[in-house]
Amino acid sequence: MTGGSTKVQVAVIGAGPAGLMAAEALAAAGAQAHVFDGMPSAGRKFLLAGRGGLNLTHSEPLERFLTRLRPQAPRLERAVRDFSADALRAWAASLGTETFVGTSGRVFPVDMKAAPLLRAWLHRLRGAGVQFHMRHRWQGWDDQGRLVFGTPAGPVPVAARAVVLALGGASWARLGSDGAWVPTLREAGAEVRPLEPSNCGFDVAGGWTGLFREKYAGHPFKSVAITCGGRRQKGEFVATATGVEGSLVYAFSADLRDAITRTGEARFLLDLLPDRSEADVLREVAHPRGSRSLSSHLKGRLGLEGLKMAVLYERLSREDMHDPSRLATAIKALPIVLSAPRPIEEAISSAGGVAWDALDDALMLRHRPGVFCAGEMLDWEAPTGGYLLTASMATGRAAGQGAAAWLATQAHARREGS
Ligand SMILES: Cc1cc2nc3c(=O)[nH]c(=O)nc-3n(C[C@H](O)[C@H](O)[C@H](O)COP(=O)(O)OP(=O)(O)OC[C@H]3O[C@@H](n4cnc5c(N)ncnc54)[C@H](O)[C@@H]3O)c2cc1C
């Protein structure tokens, strides 16, 4: 489809999990869906997620699942109830991908891969009549209300009766989602909250010393705990050249990011030995060490070495290191001060997006009847754990169903009018 003007019944823009799910719902309702994407192939971020094993969803009870979508859970609830973790697992199975529940409750495909699932999905969609138009980058509407796509053959206008926008956020822009739609939708009268990094790394205030950076960037803090905002969680994260990143940091990233926005910095307390009490740690630290160096003393008595030792030397004064009480306190609650989130390009996902007040219950833009929005481009965020894919697909499905219902009412109105 290049050159000239084309008419389609429904244009789904964005071939990520949200857009593909919208196309599936439209096809199931008998609508003719055309999927457009700026990239040469579909589902690039979905495939990237596959490199980490593709955490599709989470097996915890739905009520608990919904709390992970706070503060936007009430807005997402209906879509997620209609396409819950169980429904998602059944959907994957219907495409030949069996899933299993990992020890953390997270759900993965048995083969831990995204490519076979995506391949089967695209095959089934094509079989259901969905048509794909890749290398079609949506640029907005022209003065006749047609969608305009930039293509290798030049601009292509497309007239569509209904549209589902599923354009993603702005992380990993090279995979296709770059947030360039934000000004376009604002100009169309929709409120869009600024896109911000979510599930992201942070720079530590003042940076790490050169020595620490050279030796430990990329090394993991294993079996540690973070306390922040009254919440404590055990897990792992990684020291980077400029700060910290990884799943345990992501779990706090919304609070940390918001604190930095409010006050210019954020801090968390790092417990290097979460399975030992402070009294226990103090007893071991204060144990006479004879002629042993402090490092071998701490390694011998508490198993502290490598990165865990280095971060103590990095953050404590010489006096603190040699004061058993202060050292024990630091081992259990070392303050790590952060100055900035890493750029959104590096984040796992985005916060912000199309404001809920700009949408009706069917996810249709109030200012643009017939245009629906879905997936990560909506204003919500969630931690890692499969919540992102589940909510993206659930809202994609809801938007597709909404568009199908809207088409039906329009057809009815046309019949009444004729
Ligand atoms: C490294 C990494 C690992 C992840 N792992 C997981 C995981 O294991 N579990 C999980 O739940 N989530 C994971 N996520 C997050 C998850 O992949 C996203 O939340 C999800 O892909 C969002 O789906 P979406 O369809 O809304 O957007 P996207 O997947 O971003 O798709 C949007 C599509 O829109 C297209 N597009 C954008 N703008 C235009 C335009 N102007 N014109 C035409 N096309 C356009 C893009 O090319 C893209 O194909 C991971 C993310 C990353 C970066």
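Residue numbers run from 1 in the order of the sequence given. All heavy atoms count here, side chains included; hydrogens, waters and symmetry mates do not.
Within the 3.5 Å criterion, the main-chain N or O of A351 finds no donor-acceptor partner in the side chain of R257. Formation of a donor-acceptor pair under 3.5 Å by the K332 side chain with backbone atoms of L273 is found in this model. Between the side chain of E265 and the backbone N or O of V337 there is no donor-acceptor pair closer than 3.5 Å. Using a distance-only test at 3.5 Å, with no hydrogens or angles considered, no donor-acceptor pair links the side chain of S253 to the main chain of V249. The closest donor-acceptor contact from the side chain of T390 to the backbone of Y387 lies at 3.5 Å or more, if one exists at all.
Taking W208 as the reference, F212 meet the ring pair (Phe, Tyr, Trp, His ring centres under 6.0 Å) condition, with sequence neighbours excluded. Applying the ring pair (Phe, Tyr, Trp, His ring centres under 6.0 Å) test to F100 and every residue at least two apart in sequence or in another chain returns F108. With sequence neighbours left out, the side-chain hydrogen bond (donor to acceptor under 3.5 Å, both in side chains) criterion links T227 to no other residue. Scored by the salt bridge (charged side-chain N to carboxylate O under 4.0 Å, His left out) test, K222 finds no partners at all (sequence neighbours excluded). Every residue two or more places apart in sequence or in another chain that forms a side-chain hydrogen bond (donor to acceptor under 3.5 Å, both in side chains) with T209 is listed here: E314. Residues satisfying the side-chain hydrogen bond (donor to acceptor under 3.5 Å, both in side chains) test with E196, not counting sequence neighbours, are none. With sequence neighbours excluded, no residue forms a salt bridge (charged side-chain N to carboxylate O under 4.0 Å, His left out) with E245. By the side chain to side chain contact (heavy atoms under 4.5 Å, CB included) test, Q131 pairs with Q32, H34, H133, sequence neighbours left out. Looking at residues two or more places apart in sequence or on another chain, you find a salt bridge (charged side-chain N to carboxylate O under 4.0 Å, His left out) between R146 and D142. Considering only residues two or more places apart in sequence or on other chains, D323 meets the salt bridge (charged side-chain N to carboxylate O under 4.0 Å, His left out) condition with R326.
D203 and T242 share a side-chain donor-acceptor pair at under 3.5 Å.
For F149 and F36, the distance between ring centers is under 6.0 angstrom.
A distance of 4.5 Å separates CZ in F252 from CZ in R231, rounded to the nearest 0.5 Å.
Between W91 and W121, some side-chain heavy-atom pair lies under the 4.5 Å cut-off. Side-chain contact check for R315 versus V204: some heavy-atom pair is nearer than 4.5 Å.
Salt-bridge formation is not detected for the pair D37/R44: no Lys NZ or Arg NE/NH1/NH2 atom is positioned less than 4.0 Å from an Asp or Glu carboxylate oxygen.
When each of E60, H58, E381 is tested with R68 by the rule side chain to side chain donor-acceptor pair (under 3.5 Å), just one qualifies, namely E60.
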Atom pairs and distances, side-chain donor-acceptor, residues 159-172, under 3.5 Å, sequence neighbours left out:
residue : atom : partner : partner atom : Å
S171    : OG   : K45     : NZ           : 3.1
S171    : OG   : A347    : O            : 3.3
S171    : OG   : I348    : O            : 3.2
W172    : NE1  : A347    : O            : 3.3

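Residue pairs meeting the salt bridge (charged side-chain N to carboxylate O under 4.0 Å, His left out) criterion with at least one member in residues 22-32, sequence neighbours excluded: E24-R124.
Within a 6.0 Å sphere centred on CZ of R70, heavy atoms belonging to other residues, nucleotides or ligands number 12 at most.
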